[in-house]
Each structure stands twice: as C-alpha cells, then as structure tokens.
Amino acid sequence: MKKTYHIITIGCQMNISDSERIAAYLESYGFKSEPNRVKAGLVILNTCGIRQKAEDRNYGLIPEIREKNPLVKIILTGCLAERKDVRRRLDKVVDIFLPIKNLPELYRELGLVKKINKTNDYLEINPKVNSKFSVFIPIGNGCDNFCSYCVVPYARGREIYRSASDIIAEAQKFIKQGFKEIILIAQNVNSYKIKAAKADLKFFPNKKAGEEINFPELLVAAAKLTGDFWLRFFTSHPKNMSAELIAAMKNNRQICRQIHLPAQSGDDRILAAMNRKYTVKHYLSLVKALRKAIPEIGLSSDLIVGFPGETKKQFAKTEKLMRQAEYDMVYLARFSSRPGTAAAKLKDNVSAAEKQRREEALNKILSQTAWKNNQRYLNKAIKVLVQEKNKRGEWLGKNEQFVTVKILGSAKENLQGKFVRVKITEVRDFGLTGVHLSS
Ligand code: SF4
C-alpha cells in the first residue's frame, strides 16, 4: 500500500474536525497527503447520514474510486460507518468501516505497529488544521437526545465530554499560533458538564476538585484567554439553553454576537413527535431573552418541512414562528426518513412537491427577515474576519453575526485571516458589501 492518503469529508463541522484528526493520525504513521484521490494509497470517506441525499453521494463515489484506483484501500467513517445496511451494500468496495471513536486503533487494520504513547481517546489527537486562522475545537462527541428523525445518537453513541483543561489548553495553543477564530463544537454544547479534576483548577480557580463545570463556565474560561481572537460555539439545543449562558455571552465581548438555536418546527405536536422536549412558547421566550440581553445578536436556526403528519395548519405555525423569530439565517431541510430512527416508522406522507412548496415559502420569509436585519449595518463600520477571495478576486469574510461581507478596495493586499474594519455600503438579504477601512 502506498503511504499516501486522501480524505473526502461530507457533512457538518464535527466531520470536518474529525477529518483533521484523521489526517494528523495518519501523518503520525508516516502517511502523506495526496490531493488526487485516484493516486492515493488510502481514501477515507467521512460520511454524513443526516439526509438521504448526503448518503447517496457515497453509493456513486465509492465504486467510482475503486474502479479508477484498483489498488486503493477505502476507509468509510462518519455517520454511516455503523449502519448494518450500509455495510452490507458497500461490503465489496470498502476495506475498513471505522466508527470514529475507534480511530486510535486504526493502525491494527492497516497492519502497522502501534506507536508508543498514542492516546486511546480520538479527541485527544492533535488535529492537522486546514485553516491558518479558524479552528473547530470539539468539546465532546455523541448525543443523548434521540430526536426522532436523527441518526447521530446511533452513529456517534452517547455523549462524552473532554476535560475542560484539555479544551482550554487547545484553544490557548491555537490563539498563541495566531488563530483568530476559536469555534467550540458538539452536537449539543449546552449539555456539556464534567467533574473538575485537579488539572482543571488552573483555569477555574473558584472550583474545588469534583465540582461540576458546565458549558457557560467553560465558555467564559475560554473567553478570558489572552490574545486577538473571537469565540463561537455550535450547536445549542433549546431545551438546555440557560439564562447563565445568555449572561455569559452578554458579559464577554470575545464571544461573537451569534447563536444557532435550531427550532425544527413551529408546532408543539410536531415538536413532541420529533422528541425535541420544548414548546414553541419556550423557544420564543429564549429568543426574547437573547434579544433583550444582546440586541445586536445574529440568530440562526434549523427547520424541517414535511415531517410525517405535518398538516398545512401545523406548517402555518412554522411560518408564524419564522416571522416572530426574525432569523438572519435558517438551514431548511425537507424531511428525509433515516433508517433506524423512530421517525422512520412513521408514514412519510407529505408529498415531495408539498415539501418543496413549504421550503420555498419559508425561504421567502427568511429573505425578508434577513434583509430587514441587515439594514442595521448600513453605513456602519464593522469588524470582519477575512476568509477567502471570490472568483472575481474580491475578499470575503464574516462579521460577528456570521453574515458574509464582501470587501471592496483591497484586492492587492493579503487580508486572509485578518480582522479588518469595513464600512458597509450595500445590504442584501444574505450578504453585505463594504469598503475596507483598516486592519
Ligand atoms: S440534539 Fe437531536 S438533532 Fe441534534 S444531534 Fe442530538 S439527536 Fe440529532
């Protein structure tokens, strides 16, 4: 086997972050990155099973890779790695099915000799981060919530959390290296809790060993690190969102004025069928509390249209919720039945055409609220973290609220990974344009 690897990542931030750990692991065993998947000795597919469409990509891609690169070893990891039906279907073209938590044991399957002092916890592997300025730091893995439509608890297992000192030390390391954006991630950051160990007390001087450290406390400790950076976190489950977290955001300016708070539906019966464990009233009370504490907050959400049994009346309540919440961004999904989940036993009885109609209706509302929200930036100077150039050679970045900003007038300077001030001169529903003032 050639000691080169190529990783294909499909899906969410957790998969992106996991791929960075897979790369670091393989490089510690002498593998080198190969940009061309047809030439690589190892191809790793980090899969997503959240929707049928994401799953289907693998069924075309994997046989194609095998055909063009017959000597390749193919590893399938991510959401689909433990699904029995997927294993049966891809058995002949995949060499190794790797649940991500088993990454430290991969050397066995590759016939390699274990390196001494290698950790047994994959989250402790030092990632090979692709960006030079923005990094995802997983604070845990897995989920205990079993939302009825979701495969994650089956794919990743129950929640486990990293020690607070490991997380803070990792953040500190990246900030010292000049990283500008630290993004704490977990399936549900709000349920983070660990018992303080001796090593944690350095960052939590008010705690005694054995006392609990929760997510707002972890966030505040990260926000107190010294350096030129800002802090984001994903994802917050509304049932675990606390007043303490809102206060932590309000009182610490290193934390971006942004929250992703997935509502999923605007109807209580559908929320109960989804096993979300909150009501619309509770959700809206959180939105109100967030806006009161942090008026400039950017709010985004996930919403599913066409959940089994969703009537037109129930959908109208989701439209109402969207108007009330006044989102900046919503990630809309048409319900897609996932094998093994509770919702897979329900009749997927909203037609594809009706799901499309509902999605379009919500998109229309989103355009209106996002456009209205973006007016607040017009003629204002705002802080932007520059990310990349578009095809026309103009710099693009994100503001604190996670709105994309196009920056005019600095195409020749290298602004990537820098914080800059931009005066906004034009506002659209999903983007801003402005002039670069200063770095
Ligand atoms: S909170 Fe629900 S939707 Fe999110 S990962 Fe867990 S089960 Fe899936």
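This is a predicted model, so every value here is computed, not measured. No hydrogens, no waters, no symmetry mates; every other heavy atom, side chains included, goes into these values. Each ligand, and each atom within it, is numbered from 1 in the order the structure gives.
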S.K.: Which of the numbered atoms in ligand 1 are under 4.0 angstrom from any heavy atom belonging to Gln187?
M.R.: 5 (S)
S.K.: Any idea which part of Pro153 is under 4.0 Å from ligand 1, heavy-atom wise: side chain, backbone, both or neither?
M.R.: side chain
S.K.: Which of the atoms of ligand 1 are close to Val152, meaning less than 4.0 Å from one of its heavy atoms?
M.R.: 5 (S)
S.K.: Quick test: of every protein heavy atom, which one is nearest to atom 8 (Fe) of ligand 1, and how far off is it to 0.1 Å?
M.R.: Cys150 SG, 2.3 Å
S.K.: I'd like to know whether ligand 1 has Arg276 as a neighbour, heavy-atom separation below 4.0 Å.
M.R.: yes
S.K.: State the atoms of ligand 1, each with its element, that fall below the 4.0 Å cut-off from a heavy-atom position in Tyr149.
M.R.: 3 (S)
S.K.: Would you compute the distance between atom CG of Asn399 and atom CD of Gln258 and round it to the nearest 0.5 angstrom?
M.R.: 9.0 Å
S.K.: Return the CG to CD distance between Asn69 and Glu34, rounded to the nearest 0.5 Å.
M.R.: 9.5 Å
S.K.: What part of Asn188, side chain, backbone, both or neither, has a heavy atom within less than 4.0 angstrom of ligand 1?
M.R.: neither
S.K.: Side-chain donor-acceptor pair under 3.5 Å between Ser191 and Tyr161, yes or no?
M.R.: yes
S.K.: Is the contact between Cys143 and ligand 1 made by the side chain, the backbone, both, or neither, using heavy atoms and a 4.0 Å cut-off?
M.R.: side chain
S.K.: State the atoms of ligand 1, each with its element, that fall below the 4.0 Å cut-off from a heavy-atom position in His237.
M.R.: 1 (S)
S.K.: May I ask you to check whether Asn373 and Glu326 show a side-chain donor-acceptor distance below 3.5 Å?
M.R.: no
S.K.: Would you kindly say whether Glu159 and Tyr192 are connected by a side-chain donor-acceptor distance under 3.5 Å?
M.R.: no
S.K.: Could you work out, for atom 2 (Fe) of ligand 1, the closest of Cys147, Ala155, Pro262 by heavy-atom distance?
M.R.: Cys147
S.K.: Got a donor-acceptor contact below 3.5 angstrom from the Thr404 side chain to the Gly431 backbone?
M.R.: no
S.K.: Is the shortest side-chain N to carboxylate O distance from Glu296 to Arg257 below 4.0 Å?
M.R.: yes
S.K.: Please state which part of Phe146 comes within less than 4.0 Å of ligand 1, counting heavy atoms only: side chain, backbone, both or neither.
M.R.: backbone
